[in-house]
Amino acid sequence: MKIDAEIINKEDFKTILNNFFSLTFLKVLTYILPLITFPYLISVLGLEKFGLIMFAQATMYYFEIVVDFGFNLSATREVALNAEKKNKLNEIISAVFSIKFVLLIISFLILFIVLSVFDRFTDDYLIYYYSFLKVIAFAFFPVWFFQGIEKMKYVTWINIVSKTIYTILIFVFIQAESDYLLVPLINGFGFFIGSLLALYYVFKHFKHVFVFNSFAIIKQHFIDSSMFFLSRVSVSLYTSSNTFVLGLVASNLTVGYYAIAEKLYVVLRQLYQPIVQVIYPYISKSKNVNFFKKLYPGVVFLNFIGVYILWVFSPELIYLVSKEHFLESIKIFRILLIVSCIVVPSILIGYPFLAALGFKNEANYSTIIGSLFHVIILTVLYFINLINMYNIVYLLLATESIVLLYRYYAVYKNKLFQIS
């Protein structure tokens, strides 16, 4: 794709390109290393224990959303807009961490109640407590800071260290089915190392300090991020909740089949996140619609090419991550590939475009409407006893289509592509 000075200046393009390659390398590492360990874990632990671990991870995702509270979007934008104001950055950093700490305590109390009351969780309560370690580490990993100042190379190297540690420890300590409880402990340990390194860079390398903000300032940051939080919750209701709901009504074996396919789908989806993460702060500051108009069709076209290739080689991919040709996983993965043809243009139009240009309500409302549709249909399927892998993934396809159509409507209504 040709980029000239009329679309974006050379310095901005260089920054975007550097951050894109850093994030792409990070995403590949983040999702390729676990895929290396998947066949080993399935072989040693068995598909049922693997399914239990995946269900525990899906459960923890809800708590990650709570402690994130939308700051990966709202704080990123605030940091990008105030990158040269050190005192303001200190305020933002301190307010975000203060809120996250309180949300972390609330999350743990909720987890304690759930594990004490519901039979589905009480039998294997330790795996959920151990899995919560990742939530703690996640809460204090300030990816929003590095994204806002457009220095994603730090996040890349930090994750290289933490993911490498995780991978090595899995092969060293997981030797039998009875070792399954060590998996979330090792995962949490790797994330803790990453969070400590990230905090070191924020407070030592960039010389920021924690300040005790007034309640009014903390409250304002909380309110400003609440809409983004609602959007994240909405997205989770039609993405990660599928594994969770399936785990409530189906066996761990079924969850294992679904999780294998979903993990590959998540890898594909996350490979586009670097584009989103680098252009979001840039467009927030520059409002450069022409740049987005040039970028968008190229990315969508490349996605279609990638989907076709993955469709052809889907049996080999499933075997690569599981060492088995699970027919159920292959079928689910191919349907998810169709979903990705809708998801990629949708995520590009959402926050890096609509929200960055000031239309955050339109971006957020699209996910809220989609989640309401998803929850209603999912509830109906539950009561008529039709919850299964195929109905869930077809419902996901319908939901993502609704989100995309709403965002296209928002672009059309506000005449955004007519700006030059």
Would you check if V411 and F353 make a side-chain contact, meaning some heavy-atom pair closer than 4.5 Å?
yes
Just verifying a value: how many Å separate L264 CG and I318 CD1, rounded to the nearest 0.5 Å?
5.0 Å
Got a second to check how far I387's CD1 is from T379's OG1, nearest 0.5 Å?
8.0 Å
W144 vs F69, test: ring-ring contact (aromatic ring centres under 6.0 Å, His included). Steps then yes/no.
CA-CA 12 Å; W144 41 270; F69 203 73; over 10 Å; no
Within-4.5 Å side-chain heavy-atom neighbours: L81 and K88:
no
Is it the case that over 12 heavy atoms from other parts of the model lie below 6.0 angstrom from the CZ atom of F210?
yes
Can you tell me how far CG of N82 sits from CG of N90, rounded to the nearest 0.5 angstrom?
11.5 Å
Closest approach of V289 and L357, non-hydrogen atoms and distance?
CG2-CD1, 3.9 Å
Taking the side chain as every heavy atom from C-beta outward, state whether E78 and L89 have any atom pair closer than 4.5 Å.
no
Residues at least two apart in sequence or cross-chain that pass salt bridge (charged side-chain N to carboxylate O under 4.0 Å, His left out) with E64, listed by chain then number, are K134
Near F203 CZ, under 6.0 Å, is it more than 12 heavy atoms from other residues, nucleotides or ligands?
yes
Looking only at heavy atoms, the pair that brings S107 and V66 closest together is OG-CG1, 3.5 Å
Y166 side, atom OH; F189 side, atom CZ - distance, nearest 0.5 Å:
14.0 Å
Does atom OH of Y409 have more than 12 heavy-atom neighbours, drawn from other residues, nucleotides or ligands, at distances under 6.0 Å?
no
In short, P142 meets V202 closest at the heavy-atom pair CG-CG2, 3.7 Å
Value rounded to 0.5 Å, distance of NZ in K293 from CG in N288
10.5 Å
Are any of the side-chain heavy atoms of L295 and V299 separated by less than 4.5 Å?
yes
For a ring-ring contact (aromatic ring centres under 6.0 Å, His included) check, start with the C-alpha distance between F108 and F132, then their side-chain angles and the critical distance, and finish with the verdict.
CA-CA 8 Å; F108 183 78; F132 193 78; 5.6 Å; yes
Determine whether the aromatic ring centres of Y40 and F171 lie less than 6.0 Å apart.
yes
Compute the centroid of each ring, for Y180 and then for F50, and state whether the two points are separated by less than 6.0 Å.
no
Just do the side-chain contact (heavy atoms from CB on, under 4.5 Å) check on F55 and I127 with the steps written out, would you?
CA-CA 10 Å; F55 179 68; I127 197 168; over 6 Å; no
Any donor-acceptor pair under 3.5 Å linking the side chain of S116 with the backbone of F112?
yes
Are the side chains of L45 and I53 in touch, meaning some heavy atoms are under 4.5 Å apart?
yes
Side chain of N388, backbone of N391: donor and acceptor closer than 3.5 Å?
yes
For D224 and Q220: C-alpha separation, side-chain torsions, deciding distance, then whether side-chain contact (heavy atoms from CB on, under 4.5 Å) applies.
CA-CA 6 Å; D224 289 343; Q220 188 58 53; 2.8 Å; yes
Are the aromatic ring centres of Y128 and F121 under 6.0 angstrom apart?
yes
State, with a plain yes or no, whether a side-chain heavy atom of M54 is found less than 4.5 Å away from one of Q57.
yes
Classify the side-chain pair E91/H221 by whether it contains a donor and acceptor separated by less than 3.5 Å.
yes
Hey, is OH on Y201 packed in by over 12 heavy atoms from elsewhere, all under 6.0 Å?
no
Would you find a donor on one side and an acceptor on the other, under 3.5 Å apart, between the side chain of D179 and the backbone of A176?
yes
For residues F192 and I136, determine if any side-chain heavy atom of one lies less than 4.5 Å from a side-chain heavy atom of the other.
yes
What is the minimum heavy-atom distance between V403 and S346, and which atoms define it?
CG1-OG, 3.5 Å
Nearest 0.5 Å please: distance from the CD1 atom of I93 over to the CG atom of N213.
10.5 Å
Say whether, by atom type as modelled, one donor and one acceptor occur between the side chain of S195 and the main chain of A137 under 3.5 angstrom.
yes
Chi angles and distances behind the side-chain contact (heavy atoms from CB on, under 4.5 Å) call for F191, S162:
CA-CA 6 Å; F191 270 90; S162 62; over 6 Å; no
I need the minimum non-hydrogen distance between A261 and S329, along with the two atoms involved.
CB-O, 3.3 Å
Would you mind reporting whether Y129 and L181 have side-chain heavy atoms less than 4.5 Å apart?
no
Search all heavy atoms of I347 against all heavy atoms of V344 and return the closest pair with its distance.
CG1-O, 3.2 Å
Under 3.5 Å, is there a donor-acceptor pair between the side chain of N303 and the main chain of S340?
yes
Given H205, which of F146, F145, Y154, Y200 fulfils the ring-ring contact (aromatic ring centres under 6.0 Å, His included) condition?
Y154
Strictly below 4.0 Å, N to O, side chains only: are K331 and E328 in salt-bridge contact?
no
Given Q175 and V44, is the side-chain contact (heavy atoms from CB on, under 4.5 Å) satisfied, shown in steps?
CA-CA 7 Å; Q175 300 294 329; V44 174; 5.7 Å; no
